[in-house]
Amino acid sequence: MISIDPSDQSDRDNYKLLIGSIIPRPVAFVTTLSNMGVLNGAPFSYFNIVTSDPPLISISVQRKNGVQKDTARNAIEAGAFVVHISDESYIQQINETAASLPPDQSEVLLAGLTPVASDKIAVPGIAEARIRMECLLEHCIPLGGTKESLATDLLIGRVVCFHIDESVYQDGYIDPEELKPVSRLAGNSYAKLGGIFTIERPE
């Protein structure tokens, strides 16, 4: 075994070990609305469930040189955002939204995605996703880096409405083979849903 002390190497080197080890990671496509009315969209693979009671999910939005990204700033200002589950049908368009655009330009429009009104929040989602979750911002926790240059904004969103396409919904459960989710690996690599196996959990 190779033992590495993260304090002995650069942030970039630690990043490479993390994203290469913690795989596969689900990809959240997140839409936010700026105070100028611009619909922002970006993918995030630092994404997971926090709890089901109430339904809370987390998105970690990395800063660049201590500066907040549009997603974090918009979510904080509007108090809301929409999380979409990435799948094979629109992953190419999601990838296009990773482009660095100024705040007055919409990645959603750039990628040719279709805005759709939300039921309970002002932030639109996109029609291409087969699962989307309207979220109110429960907490924003600045973390990492230094006092002068924080590293990330951890957004905790409370799901206030689920939108699920009938094709992936079966008796209260999501059909993973029909959803065809896409997950993130390292570099430019992604993964599709692989073989599924079952192991009984101990009582």
For the pair [X] (side chain) and [Y] (backbone), establish whether a donor and an acceptor sit closer than 3.5 Å, ignoring hydrogens and angles.
X: S149; Y: T146; result: no
X: S34; Y: M36; result: yes
X: E107; Y: G41; result: yes

Please assess R63 against D153 for the test side-chain contact (heavy atoms from CB on, under 4.5 Å), listing each intermediate value before the final yes or no.
CA-CA 7 Å; R63 295 190 182 193; D153 294 289; 2.8 Å; yes

Knowing that exactly one of V38, N40, L101 qualifies, which makes a side-chain contact (heavy atoms from CB on, under 4.5 Å) with S106?
V38

Name the residue from I126, V27, L113 that meets the side-chain contact (heavy atoms from CB on, under 4.5 Å) definition with H84.
I126

Test side-chain contact (heavy atoms from CB on, under 4.5 Å) applied to L136 and I121, step by step:
CA-CA 8 Å; L136 291 175; I121 62 174; 3.7 Å; yes

Taking atom [atom1] of [X] and atom [atom2] of [Y], what is their separation to the nearest 0.5 Å?
X: E77; Y: N74; atom1: CD; atom2: CG; answer: 6.0 Å
X: Q68; Y: T152; atom1: CD; atom2: OG1; answer: 10.0 Å
X: R184; Y: I19; atom1: CZ; atom2: CD1; answer: 7.0 Å
X: Q62; Y: L154; atom1: CD; atom2: CG; answer: 9.5 Å
X: R158; Y: H139; atom1: CZ; atom2: NE2; answer: 8.5 Å
X: I156; Y: C140; atom1: CD1; atom2: SG; answer: 9.0 Å

Quick one: do [X] and [Y] end up in the same hydrophobic cluster if we chain Ile, Leu, Val, Met, Phe, Trp and Tyr together by side-chain heavy atoms under 4.5 Å apart?
X: I49; Y: I174; result: no
X: F44; Y: I94; result: no
X: Y190; Y: Y90; result: yes
X: V30; Y: I76; result: yes
X: L56; Y: V61; result: no

Atom [atom1] of [X]: over 12 foreign heavy atoms under 6.0 Å:
X: D11; atom1: CG; answer: no
X: D8; atom1: CG; answer: yes
X: L17; atom1: CG; answer: yes
X: N65; atom1: CG; answer: no

How about [X] and [Y]: do any of their side-chain heavy atoms sit closer than 4.5 Å?
X: D119; Y: H163; value: yes
X: T32; Y: R73; value: no
X: P43; Y: N95; value: no
X: L137; Y: L155; value: yes
X: F47; Y: I57; value: yes
X: T31; Y: P124; value: no
X: Y169; Y: E166; value: no
X: I23; Y: S183; value: no

Yes or no on side-chain contact (heavy atoms from CB on, under 4.5 Å) for I85 and R130, after CA distance, side-chain angles and deciding distance?
CA-CA 7 Å; I85 302 302; R130 292 194 288 177; over 6 Å; no

Work out which heavy atom in [X] is nearest to a heavy atom in [Y]; give both atom names and the distance.
X: A99; Y: L110; result: CB-CD2, 4.4 Å
X: A28; Y: V83; result: CB-CG1, 3.8 Å
X: R25; Y: S45; result: NE-OG, 3.2 Å
X: F162; Y: P55; result: CZ-CB, 4.4 Å
X: A42; Y: F29; result: N-CE1, 3.5 Å
X: S118; Y: V82; result: OG-CG2, 3.8 Å

Does F81 form a side-chain contact (heavy atoms from CB on, under 4.5 Å) with T71? I'd like the steps, not just the answer.
CA-CA 9 Å; F81 54 95; T71 296; over 6 Å; no

Quick one about E200 and T198 (side-chain donor to acceptor, distance below 3.5 Å, no hydrogens or angles considered), yes or no?
no

